[in-house]
Visitor: 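Just dropping this structure here.
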Amino acid sequence: MSGYFDTSIAYLKGVGPQKAELLSKELQIVTFGELLSHFPFRYEDRTTFYKINELNSDLQHVQVLGQLVGIETLGEGRRKRLVAYLKDETGVMELTWFKGIQWATKKLVPGASYVVFGKPNQFGRKFSIAHPEIEPLTQAKEEKRYLQPVYPTTEKLKSRFLDSKGISKIIEVLLGQSLSMLPETLPASLLDSNNLLPKREAIYHIHFPANEQLLQQARFRLKFEEFFFLQLRLLKLKLTRTEKFRGQVLQQTALLTQFYSQHLPFELTDAQKRVIKEVYADLKSGKQMNRLIQGDVGSGKTIVAFICILIAIDSGAQSCLMAPTEILAYQHFEGLKPYAESMGLRIGLLTGSSKKSQREIIHQSLRSGELHILIGTHALLEDVVQFKNLGLAIIDEQHRFGVAQRAKLWGKNLASYPHVLVMTATPIPRTLAMTVYGDLDISIIDELPSGRKAIQTIHRYDKDRLKVFGFLKKEIEKGRQVYMVYPLIEESEKMDLKSLMDGHESICRAFPEYPIGILHGNMKPGDKDFEMARFVKGETKIMVATTVIEVGVNVPNATVMVVENAERFGLSQLHQLRGRVGRGSSQSYCILMTKYELSKDSRIRLETMVRTNNGFEIADVDLRLRGPGDLSGTQQSGIADLKLGDISKDAGILTLARDAARDLLEKDPQLSLPQHAVVLEQIKKQTNQALNWSRIS
Ligand code: ADP
Ligand code: MG
């Protein structure tokens with residue numbers, strides 16, 4: 001379907017085929033519609049005129065009105081410049097041109113009045129604007145006070161008269177001829193209830209705002225619209241899936257009760273109990289569950305997973321738990337085995353390094369249904385791994401698993417899709433989660449088990465290394481263990497590996513009396529396991545490692561984490577690393593070592609780590625520092641398509657839009673009511689993007 005707004009901009013007055021081609025190449029603007037949504041990125045204030053004695057060099061841009069009282073050419077050769085003197089009732093200022101002198105000389109009429117615009121610079125007590133925008137003062141000009149839009153453009157476009165002003169001109173032409181045809185895209189009820197500007201007004205005022213207030217209203221309306229359709233797509237996707245996919249009804253609780261009364265070694269936190277209830281409601285609903293559990297490191301997600309597994313087994317289904325690394329899979333297996341065995345359940349471990357003979361036993365007992373629980377890595381996803389009746393699949397630390405792999409799990413039970421539970425310790429702000437994981441329901445464990453001592457985090461410069469080593473010695477003498485972490489962002493970076501090896505050597509020299517282990521991604525799985533096992537058993541006192549220890553490893557006796565070159569780590573990674581200590585009852589420490597010279601962002605990261613242990617607070621800062629684009633999952637989520645909305649700054653609008661989308665779908669899931677036709681229409685238009693969506697789900 002093509003309409004007026006799909007017309008090529010080549011047909012727009014003042015554009016033509018050549019400029020159209022350039023606009024398409026440089027800014028991906030092809031149609032009328034696309035040109036209308038090429039929004040200004042800032043506005044220059046033309047609402048006020050400054051008096052010359054009000055100028056100061058902190059001002060970015062000013063508009064001054066005055067009379068030209070003199071013009072002269074100064075300097076010779078390359079230093080030649082044209083200086084004009086502008087006078088108002090408060091003083092005189094200079095306007096200078098280093099280029100285009102001839103042109104300016106011709107244009108400027110001494111004695112005439114002008115409106116001048118530009119960045120003021122101070123020289124002594126005088127002010128000057130170099131290469132100002134200058135226009136003769138006409139009556140009209142004096143009355144027309146406005147915020148002038150500044151558009152994104154490129155050098156190539158500028159050379160073809162499509163600088164910000166040029167773009168502004170063609171948009172003005174287009175608005176003139178098309179605004180009255182621009183369709184509304186939101187239902188009237190939404191405009192009313194959220195106090196939104198109609199589309200036409202919003203589009204007009206985002207380009208040519210009559211005043212600051214209308215500009216804000218226009219931006220609000222357009223951001224709302226972006227978020228609304230993004231959320232609507234996500235919610236619709238979720239709705240379709242819950243309607244289409246039945247889940248097994250898993251509702252027995254006898255095993256669970258037995259576990260609670262006989263084997264659970266501690267009291268669950270209220271947050272754990274609440275999340276278990278939320279999962280249970282899903283499992284017995286008859287609909288397929290897709291739920292994300294967010295819980296800070298150490299919040300006790302594993303036991304929650306195990307309890308959910310018990311519910312599934314009780315109703316005759318099998319469960320699997322997938323972890324991102326072998327170490328972690330192994331640790332889950334070792335941790336859960338005693339629980340499983342105490343309940344008379346069979347549990348198996350399958351990883352890339354499982355022996356062939358073991359594999360066959362596992363495959364066989366999975367198919368026969370004798371094996372109740374399978375723990376493993378990606379190896380679980382292989383086609384040969386077939387269950388008799390997989391009811392619940394749990395994915396730990398999801399940020400390492402793609403959506404495609406999640407889909408692969410669904411294929412493991414053709415009779416009814418297994419329920420899927422995703423667990424992550426990378427807390428992301430709720431607004432972002434709503435979008436990145438928009439098709440998942442979210443549960444949050446926002447409480448740590450009681451009795452934990454808060455980890456103390458300290459920032460030290462490299463020059464204090466000896467003191468830090470002294471501290472480590474004292475802790476080790478108390479019987480504790482230490483992690484020393486080196487940056488290894490790309491596991492293949494030879495440089496980083498060298499720094500790890502050098503670090504290991506210097507630690508060995510500094511602590512000759514203690515056994516020291518080493519762990520990095522380039523080691524053979526068997527060697528890694530060996531090193532990890534020695535540390536877990538307390539045989540090694542210091543573990544020199546890369547971020548491979550980031551995820552999940554649990555050594556309660558390790559109470560000190562030293563991070564070398566901490567300025568090179570991201571915030572969420574530092575937080576994740578810190579979570580490796582503070583797992584027992586003794587006081588734990590995280591020492592962040594850096595060089596002395598630090599960038600502003602690095603300082604904010606370190607200060608944040610020192611200030612708080614709260615993962616959500618850290619995630620908020622992280623989001624503000626990095627923007628959402630960097631976070632995993634955002635690429636597929638449609639966030640990249642947002643032109644105005646900013647997930648980190650516009651949380652309020654996002655929440656409003658999300659609620660509006662949910663209300664609408666509750667009232668009219670098929671969008672078949674006449675008053676919702678505009679919404680359906682808009683969604684159809686976005687089918688191109690929607691195509692990507694269906695592929696992901
Ligand atoms: P994470 O959420 O980071 O995966 P774990 O599941 O590894 O955390 O739990 C961390 C530690 O806390 C484990 O040793 C676990 O046994 C313990 N734990 C979990 N829940 C509780 C609780 N309610 N009370 C006391 N200790 C708990
Ligand atoms: Mg965990």
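In each ligand, atom 1 is the first atom listed, and ligand 1 is the first ligand listed. Position 1 is the first residue of the sequence; numbering continues from there.
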Visitor: Is Gly298 close enough to touch ligand 1? Criterion: a residue heavy atom under 4.0 Å from a ligand atom.
Guide: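 Flag set, Gly298 near ligand 1.
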
Visitor: Counting both backbone and side chain atoms, is some N or O of Ile303 under 3.5 Å from an N or O of ligand 1?
Guide: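 No.
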
Visitor: So is Ser299 in contact with ligand 1, going by heavy-atom distances below 4.0 Å?
Guide: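 Checking ligand 1 against Ser299, which is what was asked, there is a heavy-atom contact under 4.0 Å.
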
Visitor: So if I count the atoms of ligand 1 from 1 in the order they appear, which ones are less than 4.0 Å from some heavy atom of Thr302?
Guide: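 Answer, ordered by atom number: 4 (O), 5 (P), 6 (O), 7 (O).
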
Visitor: What I want to find out is whether Lys273 reaches Glu447 closely enough, with some N-O distance under 4.0 Å, to be called a salt bridge.
Guide: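 No, this pair does not count.
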
Visitor: What are the atoms of ligand 1, with element, lying closer than 4.0 Å to any heavy atom of Arg583?
Guide: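 Near Arg583, the atoms of ligand 1 are 3 (O), 7 (O), 10 (C).
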
Visitor: Only counting residues at least two apart or in another chain, list the ones meeting ring pair (Phe, Tyr, Trp, His ring centres under 6.0 Å) with Phe471.
Guide: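 Phe471: ring pair (Phe, Tyr, Trp, His ring centres under 6.0 Å) contacts with Tyr589.
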
Visitor: For Asp622 and Gly570, indicate whether the former's side chain and the latter's backbone hold a donor-acceptor pair under 3.5 Å.
Guide: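 Between the backbone of Gly570 and the side chain of Asp622 there is no qualifying donor-acceptor contact (under 3.5 Å).
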
Visitor: Heavy-atom distance to atom 2 (O) of ligand 1: which of His332, Lys301, Gln294 wins?
Guide: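 Comparing heavy atoms across His332, Lys301, Gln294, the nearest one to atom 2 (O) of ligand 1 lies in Lys301.
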
Visitor: Does Gln251 reach the main-chain N or O of Ser315 with its side chain, forming a donor-acceptor pair under 3.5 Å?
Guide: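 No; zero donor-acceptor contacts below 3.5 Å.
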
Visitor: Could you list the atoms of ligand 1 found under 4.0 angstrom from a heavy atom of Thr269?
Guide: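 Counting atoms of ligand 1 from 1, those under 4.0 Å from Thr269 are 23 (N).
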
Visitor: I'd like to know if the side chain of Gln587 reaches the main chain of Ala454, judged simply by a donor and an acceptor atom lying under 3.5 Å from each other, with no hydrogens or angles considered.
Guide: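 Checking the backbone N and O of Ala454 against the side chain of Gln587, a donor-acceptor pair under 3.5 Å is found.
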
Visitor: Using a strict cut-off of 4.0 Å, indicate which atoms of ligand 1 neighbour a heavy atom of Glu267.
Guide: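 Counting from 1, the qualifying ligand atoms are 22 (C), 23 (N), 24 (N).
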
Visitor: Does ligand 1 have a heavy atom under 4.0 Å from the side chain of Leu268, from its backbone, from both, or from neither?
Guide: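 The backbone, only.
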
Visitor: State whether the side chain of Gln272 and the backbone N or O of Gly300 hold a donor-acceptor pair below 3.5 Å, judged by distance alone.
Guide: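 Yes.
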
Visitor: So does Pro418 get a backbone contact from the side chain of Gln288, meaning a donor-acceptor N/O pair under 3.5 Å?
Guide: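 Indeed, once roles are kept as given, a pair shorter than 3.5 Å links the two residues.
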
